[in-house]
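Each remark here refers to the structure printed beneath this line.
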Amino acid sequence: MATSLLIINGPGLTYSESFGAESFDTIHNACTDLCASLNIDLDFRQSDDPQDVIQWIKRDAASHDALIINQMGCMDRTPIDYKHYAHGLRALQALQCRVIEVNLTNVFRDDPGVFTPVQGPSGRSALISGLGVNGYRLAIRAAHAEAQAARSS
Amino acid sequence: MNILVLNGPNLNLLGTREPEIYGSDTLDDIAERCRQRAQRANANVEFRQSNYEGKLVDWIQEAIGQFDALIINPAAYTHTSIALHDALLCYGGLKIELHISNPHLREPFRHHSHVSTAADVVIMGLGVAGYEHAIDAAIEAQG
């Protein structure tokens with residue numbers, strides 16, 4: 001059975017300032033290409049509205065092997081109430097599926113004290129920060145390997 | 001490409017220490033898998049562990065100009081060691097901070113990292129597989 005992944009990209013990720021030279025299309029294409037080569041069913045989404053992100057987490061994540069989430073892009077350019085959004089992201093704690101958070105930059109170094117990692121389900125929540133688009137590739141490979149290992153055990 | 005993997009305190013007990021958190025693989029098992037993984041891309045991996053903070057500082061300093069990438073699981077020193085932070089700032093290669101579990105989902109005293117602000121990349125919560133993924137990331141980053 002093919003691995004099924006949901007990738008959610010939050011507010012601000014379509015601004016080019018979020019990740020230097022890499023455009024959002026670059027990320028989308030990298031994820032689509034890698035998932036095609038690994039025969040993974042991919043559902044790839046982005047919204048600038050925090051409510052969409054929260055709703056997708058609550059409604060759609062549980063039917064996938066893993067959720068890969070980049071909660072937001074350039075914080076300075078994103079006109080949302082971050083505290084309110086972070087509160088909504090607590091919906092992740094109730095999930096049973098694997099959660100891997102991806103940040104394009106090292107948010108701990110670049111946004112010290114501002115950024116809160118998403119709090120996924122205990123023991124099933126990972127974070128990859130600072131690898132640019134390769135962070136998505138790593139998250140996809142990791143989630144796929146885990147899903148396939150779980151199927152064969 | 002030469003990659004140095006450093007491991008901090010108590011990681012020598014991996015496989016026996018709290019296996020429900022850290023898994024049943026030993027550090028030697030992981031080191032062997034990392035070497036094999038790197039070999040496929042013609043990269044070399046040097047794998048070390050110490051319980052002593054100063055030893056880890058010495059190794060980071062020795063890595064300057066000798067290794068293209070540094071992967072460090074600082075373990076409990078993550079949350080206490082400004083010395084590791086300072087040493088890492090002196091190292092110019094790619095720096096990956098690696099944790100087996102996700103410290104942010106554990107006790108509050110594990111939520112702050114002195115290492116993250118000196119690292120280029122942070123990977124946490126992928127289990128012991130995170131080591132091999134970090135090797136891949138280092139190789140991929142060098143492109």
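Any value given below was found using the heavy atoms of this structure, including those in side chains, with hydrogens, waters and symmetry copies removed. Throughout, protein chains are lettered first and strands after them, A, B, ... in sequence-line order, and every chain is numbered starting at 1. None of the values given here were measured: they were computed from a predicted structure.
Hydrophobic clustering, with ILVMFWY side chains joined whenever heavy atoms are under 4.5 angstrom apart, groups B/I100 together with B/I96. B/M124 and B/V115 fall into different hydrophobic clusters, where Ile, Leu, Val, Met, Phe, Trp and Tyr side chains are chained together by heavy-atom contacts under 4.5 Å. Hydrophobic clustering of Ile, Leu, Val, Met, Phe, Trp and Tyr side chains at less than 4.5 Å, counting indirect connections, unites B/L94 with B/V45. Cluster annotation: B/L4 is not connected to B/L98 through the hydrophobic network of ILVMFWY side chains, with a link wherever side-chain heavy atoms come within less than 4.5 Å. If you chain together hydrophobic residues whose side chains sit under 4.5 Å apart, B/Y52 and B/L27 never meet in one group.
In terms of non-hydrogen atom pairs under 4.5 Å with chain A, the most contact-rich of B/I123, B/D136, B/V122 is B/V122. When each of A/E101, A/R98, A/Q93 is checked for heavy-atom pairs under 4.5 Å with chain B, A/R98 comes out on top. Between chain B and the residues A/P121, A/S129, A/G130, the largest count of heavy-atom pairs under 4.5 Å involves A/S129. Options B/A137, B/G130, B/G127, B/A119 differ in how many heavy-atom pairs under 4.5 Å they form with chain A, and the most are formed by B/A119.
Ring centroids of B/H114 and A/F108 are separated by 6.0 Å or more, keeping the two rings apart.
Nearest heavy atoms, A/N134 versus B/A141: ND2-N, 4.4 Å. Heavy-atom minimum distance, B/T117 versus A/R109: O-CG, 3.4 Å. Heavy-atom minimum distance, A/Q119 versus B/L105: OE1-CD2, 3.5 Å.
Heavy-atom contacts from other residues, nucleotides or ligands closer than 6.0 Å to NE2 of A/H84 number 12 or fewer. Other residues, nucleotides and ligands contribute only 12 or fewer heavy atoms inside 6.0 Å of the CD atom of A/Q96. Taking a 6.0 Å sphere around CD of B/E32, one finds it holds more than 12 heavy atoms contributed by other residues, nucleotides or ligands. Atom CD1 of B/I82 sits in a sparse spot, with 12 or fewer heavy atoms from other residues, nucleotides or ligands closer than 6.0 Å.
Contacts classified as ring-ring contact (aromatic ring centres under 6.0 Å, His included) and involving residues 116-143 of chain B (residues at least two apart or in different chains) are given here: B/F47-B/Y131.
Residues B/E132 and A/R141 are not paired through a salt bridge, judged by the lack of any N-O separation under 4.0 Å between the basic side chain and the carboxylate.
In this structure, CG in A/L138 is found 6.5 Å from CG in B/L126, a value given to the nearest 0.5 Å.
A/N106 places a side-chain N or O within 3.5 Å of a backbone atom of B/S116 that can act as its donor or acceptor partner.
Close approach to chain B, defined as a heavy atom under 4.5 Å from one of its heavy atoms, is seen in no residue of residues 30-42 of chain A.
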